[in-house]
Amino acid sequence: MTFLKRAAPACALICSLLATTAIAQPAPSAEAQREWPQIEQDRPWIYRGSDVPPDTEWTFGELSNGVRYAVRFNEVPQEQLSVRVRVDAGSLHEQDSERGFAHLIEHLVFRESRYLKEGEAIPRWQELGATFGSDTNAETTPTHTVYKLDVPGIDLAKADETFRLLSGMIEAPTLSEKGVRTEVPIVLAERRERGGAGKRAADATRETYFAGMGLAERSPIGTVETLQAANQKSVRAFYKRWYRPENTVISVAGDLDPAVMVQLLEKHFGDWDAKGEPVPAPDFGAPTPGPDARAAAGALAPVDKLTVLTEPDLPISISYTIMRPWEKVADTIVYNEGLLTDQLAMSIINRRLENKARAGGSFLAAQVGQDDVSRSADMTFVSITPLGNDWRAALADVRAVIADALATPPSEAEITRELNEFENAFSIGVETQAVQQATDLADNVVQAVDIRETVAAPDTVLNVLRSMKGKVTPAIVQDHTRALFTGSVLRGVMNVPDATSGDEAAFRSAMLAPVEADASARLEDKQVSFADLPAIGTPGEVTSAAPIGVLEIETVKLSNGVNALVWQSDAEPGRVSVRVRFGEGYEALGEADTPYISLGEYALMGTGMGELSQDDLDQISNGRKMGLDFSIEDNEFVFGAETRAADLEDQLYLFASKLSDPRWDANPVLRAKAALEMGYDSFATSPNGVLSRDLEQILRGGDPRFATPTPEELKGADMAGFRKVWEPILASGPVQVEIFGDIQRDEAIAALTRTFGALAPREEATADIDLSKEPAPTSAPIVLTHRGDADQAAAVIGWPTGAGRERIRVSRQLEILAQIFNNRLFDAMRERLGASYAPNVGSRWPLDRKDGGMILAMAQLTPDAVPAFFEESRKIAADLAAAPPSEEEISRVTEPLRQLISRASSGNGFWLRELAGTANDPNRALDVRTILNDYSRTSPETMQMLAQGFLLNDEAFEVAIVPEGYELP
């Protein structure tokens, strides 16, 4: 069953668990089984062969031509329609000469079709209010191609037009020779942009894991040779073979009557008539051991193909998988109970591995997981990042932890702990089901069809968990653990910095070496309770509470100087957002603090608080919805969490305790330090990596606080230095708290007085460090180099604008200008330079600085195209200053922006972001009142005036990232 994935404080495996769970019910009686054929016929198509209770919120049906559909009313966000068209045509359906065709057709479908002339698709969807890239998109995988549309401001006329245009794209794309010749370079550019060490590692992993199977040679991006050989005839042949009604599923969720959705589907897709007989899907293959496969003593799968890479810029890593043939299963209750128990078994192992890593073991991180990959194999994965160069020790230690799980059942306490995490995640799904996003709901059906399973309501998912409690014994979990590590073959990939560090023979020897079970990583059954923790201090009092004039949000002032912004809102049932703002952010950090800035972002919350270590924090939040996010902004530090009313006071306690009584455990800092050191060289493997490493510092005028710390700088950092930097920051003021969501106002304020109200009064920090540095104009580009593929480059050009909250309305109008620029650059880059979807233009306008704003344009391209990118960008800037854009060009931008804001403003997150800091600065509430008009209303003359004032080419700066050894013309 597929269930809506929701963010939760559980481990990553919870996310996959949410996709495949079940409800326990008695098995059908013999009499019921005799009646099964009729029952099957009466059940919705997605539930045939399953005893999972149908989700009655969905209406499932089939058109007479074979198109299957699922439609559902949903008003989150209001007046939006989310449509997904899934075609059973992915890279695994390609013949050898067609590699990359499924993805190429995805591009061509958007290029020209029955109702959309060449190049009209994107402008037309923008006119309907859809933002290209987020609201209008598509994906191609090994097993399918999915077209995704989220259309805002929906009404009957717009819905009719949406289905009409979409039917023309799917049923009758033009697929012309000109289109193929135009799109192939764009697809090749996309292929190039994914290159480098990371792609080589991914390709080697796929080829190793799936040796002898279709997936080994069927990456959706294709090959240069097959794409360059593509023509109208060959592309149309692939389309004709697979784009058929019976291969198509359409899921629709949105603010429209489901009966109307069905009528529109029948109207626009009902007469689709594919010619010829359907072609059966190809055999995707199955994992089969090679002639040299050999099992280690006591192992449950023979070691088969192993590959060793030497990518010196990538960290040392080990991954291996135990593979079993994929089989189409009946998505029954019993099957899903088994999946749930599998996930439970892996969660126990993962917690032990994390415990081992935290204790200073031989590996930085390790994890196990399971997935049915592309209907090709049922796979159990093990991934390891060694700590240092001794990969043999790391591999042996991880295998020893797994061996213990295979040899000895887990404790009842371990099972209970993980089941609590699962129940918490599933309960959140039930609590928040009223605000499930239409986009997620539509995607759920696509995912279910792809894995050939069903969809389930949140209540169904929670019921299965509760029905299984008490039935999952340690012995059963051990049996499932053994099954997960039993398979046809074991295959693996390792990366080392050079050939002297290890080869295939050494890797094989280590995988075949006997291993002793290690029980030391098992967690002790330690009981930690908030009730046993000391109070923060004497509770404070509320000195005033007053509305800010926006919605029912109010400012609450406490007797110790802490101010809070509180909003009781039922817009998102079951959700509460908390932000704590304190201190002065980057203004409080010195230029010598660079390594400690990054270490703080990664490790500060993990060092603990009061009596609570990192392990204690895991234990005390078990089965709860709590978070410990931390970020640094220009003029404040921010704690963040998503919680719920029942957990709110304890969440506030953790944050307040971090400020009043921080703990300084060293291991989280040392682990973060090792991770940052190990990952540094990987930045150099691609232009994007170099941008991530260096661009922010360039945009900040070279300020060292915004640099990525080097391994040399990190080596000099220690725990004493870490504490010296962060201890006074945690003691700094002012403190303001923001609580938005499904709360009881009086209870939330009472919790505030007992936690943040109990803090000792704090003086406002007095740092006076200027953050307004900005890059100087350049007569020649700043040139950075990377060690990736020789055909990869990136370019950035920027024009300084301004900053400050007093001109916030100017900043919003500049965003309109930037989006107009973006549309023009997008067209120029794709047609002239053969770039893919990488060109991007945006506006940065710091609200809490004196200067430093800019309009930035960037793109990925070939090295020889970098000068043309700068030339084209400067030309667009000059053209916008010389002549105003048309009303039509402006509306292509303002309508999607208006719809984007209208949709976003229905959620708490929008108001939390826009009103940030209002507790200490009430004037900020005034800024939000004009936001919709500021982003959606303008004139050609205003756009030209802004271009003349800010897009001054003699003030522009340029950055180029090219391969090492390349000379930029």
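Numbering of residues begins at 1 and proceeds along the displayed sequence. Side chains included, hydrogens not; waters and symmetry mates left out as well; all remaining heavy atoms used.
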Stepwise, does the salt bridge (Lys or Arg N to Asp or Glu O under 4.0 Å) test hold for Arg671 with Glu354? CA-CA 12 Å; Arg671 195 175 176 195; Glu354 175 65 12; 2.7 Å; yes
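- For the residue pair Ser686 and Asn688, no side-chain donor N or O sits within less than 3.5 Å of a side-chain acceptor on the partner.
- By the 4.0 Å N-to-carboxylate-O rule, Arg192 lies too far from Asp791 to be salt-bridged with it.
- Asn420 CG to Arg417 CZ: the interatomic distance, rounded to the nearest 0.5 Å, is 9.5 Å.
- For Thr607 (side chain) and Asp665 (main-chain N/O), no donor-acceptor pair under 3.5 Å exists by modelled atom type.
- Proximity of Met605 to Phe639: side-chain heavy atoms (C-beta onward) are separated by under 4.5 Å at one or more points.
- More than 12 non-hydrogen atoms from other residues, nucleotides or ligands lie less than 6.0 angstrom from CZ of Phe381.
- The cationic atom of Arg700 (NZ for Lys, CZ for Arg) lies less than 6.0 Å from the six-membered ring centre of Phe706 and within 45° of the ring axis.
- With no hydrogens or angles considered, a side-chain donor-acceptor pair links Asp397 and Ser362 at under 3.5 Å.
- Applying the side-chain contact (heavy atoms from CB on, under 4.5 Å) test between Arg522 and each of Arg351, Lys356, Glu414 identifies Glu414 as the sole match.
- For the residue pair Arg491/Thr307, the side-chain donor-acceptor check at 3.5 Å is not satisfied.
- A donor-acceptor contact closer than 3.5 angstrom links the side chains of Asp616 and Ser613.
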Could you give me the CA-CA distance, side-chain angles and deciding distance for Arg324 and Thr486, then say whether side-chain hydrogen bond (donor to acceptor under 3.5 Å, both in side chains) is met? CA-CA 8 Å; Arg324 298 162 291 273; Thr486 301; over 6 Å; no
